[in-house]
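This report refers to the structure that appears directly beneath it.
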Amino acid sequence: MERGRFRFLENRLGIIASLYPWVIDIRGNPERIAFTLHRITGIILVGFVALHIISTNTPARAGWEAWVEEVQRLSGVNPVSLLFFIAMGALVFHSLNGIRLLLVELLALGIGRPEKPKPPYIPPSLKGYQRTLIYIVSILSLIIWALMGYVIFLM
Amino acid sequence: MKAGTIALIQYATAILMVLLIAWHVAVRIPWLHGVEDLPSTMSPEIIYDEVRRFWPLLILLSIAVVIHGVNGLRGILLEWAGSNERLRFAINILSILAIIALLIVAVHTIVGLPELG
């Protein structure tokens, strides 16, 4: 539905809808993009944590020789190290964005103070620095992820 | 358990994890161990020493990560389930079972760690 220069889409509920940033308009809405990325990285990390817990059980289950073989799979560029790199990217973004969420949701930092609504009706939360935090989180995530890539692939 | 209590647990585990995961990742930096690459930071000697010295932190990390992760996934699945009570019940039960199973494996990793040969 078009109303002036804004586009309002039906807010569909459900797991698929929650993962699609394009279900609602994301133009000028980095909070929605951060929310969707937080979910996607969270789902990736649940899978990674389950695999990580099972794979680190190797010494107890099969002995140290099996552990050494398992660790060697992380050497060089191969599917295992690539998946590990993706999981580390998810970990970095999810952690930094999680810290942002703790500041914004738990401590109510960066969302401004409540005020009387008057035209042009800009919510105080959009005038606070919480949005700047999203950009800081994104840039820091990319830098730390690149450093991790260096340690995983180039060392 | 009240939804508000579960949300508080989610926040508490998140705060714990920020500190513990930062430590868990930092100890894999090769320069800290005087080795050249990532796999060398996971040699049996280093891992054995780490588990023996820091096992309480590793247990705490496992508990925080498993509860936070499974509960987060449960939240997403409950949104999907809508008002289907059977599905909601199944998701809740499976989440509890997943938490118990993963924690058993995590504790076994520490308790069952073999001596270095």
Side-chain angles (χ1 to χ4, degrees), chain A residues 13-19 38-68 70-76 81 84-85 88 91-92 94-96 98-99 101-102 105-107 144 147-148 150-155, chain B residues 7-8 10-15 17-18 21-22 24-25 28-31 35-45 47-48 51 58 61-62 65-66 68-82 98 101-117:
Chain A
L13 294 174
I15 190 168
I16 302 299
S18 72
L19 293 175
H38 199 73
R39 282 217 155 169
I40 293 170
T41 52
I43 292 168
I44 291 171
L45 287 173
V46 170
F48 172 73
V49 163
L51 285 176
H52 186 60
I53 287 177
I54 292 166
S55 88
T56 49
N57 185 246
T58 304
R61 199 179 57 243
W64 288 112
E65 292 80 12
W67 171 251
V68 171
E70 187 128 341
V71 167
Q72 283 311 314
R73 289 186 196 166
L74 281 173
S75 295
S81 60
F84 188 71
F85 177 62
M88 288 303 103
L91 175 73
V92 172
H94 199 83
S95 305
L96 293 177
I99 294 172
L101 290 174
L102 284 171
E105 290 178 3
L106 198 63
L107 304 178
I144 297 174
L147 288 174
M148 285 178 152
Y150 174 75
V151 171
I152 294 170
F153 296 121
L154 300 176
M155 286 193 75
Chain B
L8 277 180
Q10 199 71 349
Y11 280 128
T13 50
I15 294 168
M17 279 161 55
V18 166
I21 289 180
H24 192 61
V25 172
R28 296 278 75 81
I29 296 174
W31 309 296
V35 294
E36 286 183 353
D37 56 6
L38 180 68
S40 303
T41 67
M42 292 181 249
S43 68
E45 293 77 19
I47 297 296
Y48 183 81
V51 174
L58 290 168
L61 175 63
S62 310
V65 165
V66 168
H68 188 89
V70 174
N71 190 41
L73 190 62
R74 187 188 73 95
I76 296 172
L77 291 173
L78 285 178
E79 274 181 27
W80 168 62
L102 286 170
L103 286 180
I104 287 173
V105 177
V107 170
H108 178 248
T109 301
I110 290 165
V111 175
L113 195 74
E115 295 289 330
L116 286 172

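Chain letters run A, B, ... following the sequence lines, proteins first, then strands; residues in each count from 1.
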By a 4.5 Å heavy-atom criterion (distance strictly below it), what part of [X] contacts chain A: side chain, backbone, both, or neither?
X	value
Pro30(B)	side chain
Ile110(B)	neither
Val105(B)	both

**Q.** Value rounded to 0.5 Å, distance of CG in Leu45(A) from CG in Leu73(B)
**A.**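 Taking CG in Leu45(A) and CG in Leu73(B), the distance rounds to 11.5 Å.
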Looking at chain A, which one of [options] has the largest number of heavy-atom pairs inside 4.5 Å, strictly under?
options	value
Glu36(B), His108(B), Arg28(B)	His108(B)
Ile47(B), Val66(B), Ile29(B)	Ile47(B)
Val25(B), Asp37(B), Leu38(B)	Leu38(B)

Tell me, for [X] versus chain B, whether the close heavy atoms (under 4.5 Å) come from the side chain, the backbone, both or neither.
X	answer
Val71(A)	both
Val68(A)	side chain
Phe153(A)	neither
Met88(A)	neither
Leu91(A)	side chain

Q) How far apart are the C-alpha atoms of Glu79(B) and Arg74(B), what are their side-chain angles, what is the distance that settles it, and do they pass the salt bridge (Lys or Arg N to Asp or Glu O under 4.0 Å) test? A) CA-CA 9 Å; Glu79(B) 274 181 27; Arg74(B) 187 188 73 95; over 6 Å; no
Q. Taking the side chain as C-beta and beyond, is there a heavy-atom pair between Leu102(A) and Leu107(A) under 4.5 Å?
A. no
Q: Compare all side-chain heavy atoms of Pro114(B) with those of Pro59(A) and state whether any distance is below 4.5 angstrom.
A: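 Pro114(B) reaches Pro59(A) side chain to side chain.
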**Q.** Qualifying salt bridge (charged side-chain N to carboxylate O under 4.0 Å, His left out) pairs with a residue from residues 102-117 of chain B, counting only residues at least two apart or across chains
**A.**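 Non-adjacent pairs meeting salt bridge (charged side-chain N to carboxylate O under 4.0 Å, His left out): Arg52(B)-Glu115(B).
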Q | Nearest atoms (heavy-atom pairs only) where Trp67(A) meets Thr56(A) | A |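 Closest approach of Trp67(A) to Thr56(A), heavy atoms only: CZ3-CA, 3.9 Å.
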Q.
Going by the rule side chain to side chain donor-acceptor pair (under 3.5 Å), which residues pair with Thr13(B) if we only count those two or more places apart in sequence or in a different chain?
A. His68(B)
Q | Geometric class of the His94(A)/His38(A) ring pair [parallel <30°, tilted 30-60°, perpendicular >60°] | A |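 Answer is parallel, since the angle falls under 30°.
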